[in-house]
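What follows is a single structure, written as structure tokens, with notes after it.
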Amino acid sequence: MFRFLLKWFKLKPQKESQDPMKKFLIVGLGNIGEKYKETRHNIGFKILDFFAEKEGFAFETQKLGDVATYKLKGRTFVLLKPSTFMNLSGKAVTYWLTKEKVPLENLLIITDDLNLPFGSIRLKTKGSDGGHNGLKDTQIKLNTSKYNRFRFGISDAFSKGRQIDYVLGEWNTEEIEKLPERLDKSVELIKSFALAGVNNTMNSFNGK
């Protein structure tokens, strides 16, 4: 009888599956292991950990990474910290993008950037890997450079030949004091990316 009435009134049952355009994959790049935890190169992990602490959700270890889900105003955030090490980040990104059926335009990769002053944040919709191994592998696996990336500035305050030591070095005292406010701003950017769209978010946050 119920099906008959639906047909009679030309109504369609609501789909239980979620609108894919309202699901977002947020990937923080970093290296697993305690020795990398507080390094500049792990800012992607640090931002997502701050997000989890602030909003009260937790990560679970799953295939190719630690994963958490967070919902806000009808949007679903799938947050990923790859366990593949930086150089193979693309493997985890493509796996979870496919598994969660997230459109490429709803992907956001969070990474450190030597070319930006410490704490500066910049959202871009495409670009080169800039010599970053995590972005390089992601670009290869996705077969495109047109994906959203959130670059967090770590500055280039290192002497010639010391880049690797600097990137894999820990935050200094001044940076540690300033990080909480910058991490909070980063979380707001991530939320805005899903709620307001990439263009509005770039206008509101880039260079701030």
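Side-chain atoms are counted along with the backbone in the values below, which use heavy atoms only and exclude waters and symmetry mates.
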Please find the pair of heavy atoms, one from Lys146 and one from Leu104, that lie closest to each other, and give the distance. O-CD2, 3.8 Å

side-chain contact (heavy atoms from CB on, under 4.5 Å), that's the test. Do Leu135 and Tyr147 meet it? Break it down for me. CA-CA 10 Å; Leu135 294 181; Tyr147 60 90; 3.5 Å; yes

With clusters built from Ile, Leu, Val, Met, Phe, Trp and Tyr whose side-chain heavy atoms come within less than 4.5 Å, directly or transitively, what are the remaining members of the cluster of Ile164, listed by chain and number? Ile32, Tyr36, Phe45, Phe85, Leu168

Among Asn203, Asn106, Asn148, exactly one meets side chain to side chain contact (heavy atoms under 4.5 Å, CB included) together with Val198. Which residue is that? Asn148

Cluster link Leu88 to Leu107, ILVMFWY, side chain under 4.5 Å: no

Taking side chain as C-beta onward, heavy atoms only, is Phe205 less than 4.5 Å from Glu188? yes

Donor on one side chain, acceptor on other, Thr61 and Asp66, under 3.5 Å: yes

How long is the straight-line distance from OG of Ser128 back to CD of Gln139, given to the nearest 0.5 Å? 7.5 Å

NZ/NE/NH1/NH2 to OD/OE distance under 4.0 Å, Lys37 and Glu170: no

Is the backbone of Ala196 close enough, under 3.5 Å, to the side chain of Asn200 for a donor and an acceptor to pair up by distance? yes

Side-chain heavy-atom pair Glu55, Tyr70 within 4.5 angstrom cut-off: yes

Could you tell me if the side chain of Leu108 sits less than 4.5 Å from the side chain of Ile190, heavy atoms only? yes

So CG of Asn199 and OG of Ser204: to nearest 0.5 Å the spacing works out to 10.5 Å

For Gly131 and Asp129 the tightest heavy-atom approach is N-OD1, 2.7 Å

Could you go through Lys99 and Lys101, starting from their C-alpha distance and side-chain angles, then the distance that decides it, and tell me whether this counts as side-chain contact (heavy atoms from CB on, under 4.5 Å)? CA-CA 6 Å; Lys99 177 178 171 57; Lys101 298 177 182 175; over 6 Å; no

Using the rule that two of Ile, Leu, Val, Met, Phe, Trp, Tyr join whenever any of their side-chain heavy atoms come within less than 4.5 Å, decide whether Ile140 and Val93 are in one cluster. no

Check this for me: Lys141, atom NZ, are more than 12 non-hydrogen atoms of other residues, nucleotides or ligands nearer than 6.0 Å? yes

Check the surroundings of atom CD in Glu53: do more than 12 heavy atoms from other residues, nucleotides or ligands lie under 6.0 Å from it? no

Where is the tightest heavy-atom contact between Glu177 and Pro180, given as atom of each residue plus distance? O-CD, 3.6 Å

What is the distance from atom CG of Leu29 to atom CD1 of Ile47, rounded to the nearest 0.5 Å? 10.5 Å

If you measure from CD1 on Ile109 to OG on Ser89, what distance do you get to the nearest 0.5 Å? 8.0 Å

In plain terms, say whether Asp184 and Lys54 are close enough for a salt bridge, that is, a side-chain N and a carboxylate O under 4.0 Å apart. yes

Correct closest heavy-atom pair for Asp137 and Lys91 would be OD2-N, 3.7 Å

With a 4.0 Å cut-off, would you call Asp49 and Lys46 a salt bridge? no

Does some side-chain heavy atom of Phe193 sit less than 4.5 Å from a side-chain heavy atom of Ile26? yes

One pair to check against side-chain contact (heavy atoms from CB on, under 4.5 Å): Leu179 and Phe118. What are the steps and the verdict? CA-CA 9 Å; Leu179 265 174; Phe118 168 77; 4.1 Å; yes

Side chain Asp113, main chain Gly153, donor-acceptor under 3.5 Å: no

Greater than 12 external heavy atoms within 6.0 Å of Asn143's CG: no

Working to the nearest 0.5 Å, report the span between CZ of Phe57 and OG1 of Thr69. 9.0 Å

Heavy-atom side-chain contact between Leu79 and Val67 under 4.5 Å: no

Same cluster for Leu116 and Leu114 if Ile/Leu/Val/Met/Phe/Trp/Tyr side chains link at under 4.5 Å? no

Provide the closest heavy-atom pair for Ala58 versus Ala68 in the form atom of the first, atom of the second, distance. O-CB, 3.4 Å

Going by heavy atoms in the side chains, are Phe24 and Thr76 under 4.5 Å from each other? no

Leu48 and Val187, any side-chain heavy atoms less than 4.5 Å apart: no

Between Glu175 and Arg40, is any pair of side-chain heavy atoms under 4.5 Å apart? yes

Does a donor on one side chain and an acceptor on the other come within less than 3.5 Å for His132 and Asp112? yes

Would you tell me whether Tyr166 and Ser159 have side-chain atoms, one donor and one acceptor, within less than 3.5 Å of each other? no

Say you draw a straight line from NZ of Lys191 to CZ of Phe77; how long is it, rounded to the nearest 0.5 Å? 8.0 Å

Are more than 12 heavy atoms, taken from residues, nucleotides or ligands other than Arg122, located less than 6.0 Å from that residue's CZ atom? no

Does the pair Met86 and His41 meet the rule for a side-chain contact (heavy atoms from CB on, under 4.5 Å), with working shown? CA-CA 9 Å; Met86 189 70 80; His41 213 29; 3.5 Å; yes

If the threshold is 4.0 Å, N to carboxylate O, is there a salt bridge linking Glu181 and Lys185? no

What heavy-atom pair brings Ala92 and Leu80 nearest, and what distance separates the two atoms? O-CD2, 3.8 Å

Can any side-chain N or O of Ser120 pair as donor or acceptor with the backbone N or O of Gly207 at less than 3.5 Å? no

